[in-house]
Amino acid sequence: MKLEERVYKKLLEVPKGKVTTYGDLAKAVGLKNGQRAIGRMMNKNPYPVIVPCHRVIMSSGRVGGYAWGEEIKTNMLEREGVRIRNGRLANPDLIHRF
DNA sequence: TTTGCGGCAGGCC
DNA sequence: CGGCCTGCCGCAA
């Protein structure tokens, strides 16, 4: 199974209302410093909507980028119950742990 | 808080 | 097959 396959699968473990970070996701699949690689895979997400790539944010707490626009990403998160304040995650407890 | 540079998979020569 | 470039990051300075 390709790495990206594992990444998407891993991401499906993140429940609605919670998020994860690029770094954590990278490590979850065996990459020590593959945050950027993860972001790239998300960007080219072959399974839009099915894979909740909008639940992946930066370790700093900032929302991070999104192929369809950061606003869309933020709205989707808010709609799932993840509050965002000025581009930042309002509640750090919402970060899912693998 | 902003800046710079390291690190990684995948696609394209 | 090898090298170069890109891209939703991370962290130290």
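Reckoned from all heavy atoms, side chains included, excluding hydrogens, waters and symmetry mates. All chains are named by letter (A, B, ...) in the order of the sequence lines, taking the proteins before the strands, and each is independently numbered beginning at 1.
Boundaries of the chain A contact region on DNA chain B are B:dG6 to B:dG11, first to last in 5' to 3' order (nucleotide atom under 4.0 Å from a heavy atom).
Contact check on A:Glu80 versus A:Arg55 returns a salt bridge, with a Lys/Arg side-chain nitrogen under 4.0 Å from an Asp/Glu carboxylate oxygen.
Around atom NZ of A:Lys18, more than 12 heavy atoms belonging to other residues, nucleotides or ligands sit under 6.0 Å away.
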### Task
Using a 4.0 Å heavy-atom cut-off, write out nucleotides 1-13 of chain C from 5' to 3' as B (base contacted by protein), S (sugar-phosphate only) or - (no contact).
-----BBBBSS--
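Under a hydrophobic clustering in which Ile, Leu, Val, Met, Phe, Trp and Tyr are joined whenever their side-chain heavy atoms come within less than 4.5 Å, directly or via other members, A:Leu12 and A:Tyr22 fall into different clusters.
The backbone N or O of A:Val56 sits less than 3.5 Å from a side-chain atom of A:Lys73, completing a donor-acceptor pair. Of the possible polar contacts, none joining the A:Asn43 side chain to the A:Gly39 backbone as a donor-acceptor pair under 3.5 Å is found. Side-chain atoms of A:Arg88 come within 3.5 Å of backbone N or O of A:Ser60 as a donor-acceptor pair.
In this structure, A:Asn33 and A:Gln35 have side chains that are in contact, with non-hydrogen atoms separated by less than 4.5 Å. The shortest side-chain heavy-atom distance between A:Glu78 and A:Arg83 falls under the 4.5 Å cut-off. Between A:Tyr8 and A:Lys2 the shortest side-chain heavy-atom distance does not fall below 4.5 Å.
Listed in residue order, the members of residues 87-98 of chain A having a heavy atom less than 4.0 Å from DNA chain C come to none.
For A:Lys10, the side chain to side chain donor-acceptor pair (under 3.5 Å) test picks out no residue, with sequence neighbours left out.
Both key distances under 3.5 Å define a Watson-Crick or G-U pair, and stretches of 3 or more such consecutive pairs in DNA chain B run B:2-6 with C:9-13, B:8-13 with C:2-7.
The two residues A:Arg6 and A:Val29 have their closest heavy-atom pair at NH1-O, 3.2 Å.
In the hydrophobic clustering (ILVMFWY side chains linked at under 4.5 Å, chained through shared members), A:Leu94 is joined by A:Val19, A:Ile57, A:Val63, A:Leu77, A:Val82, A:Ile84, A:Leu89, A:Ile95.
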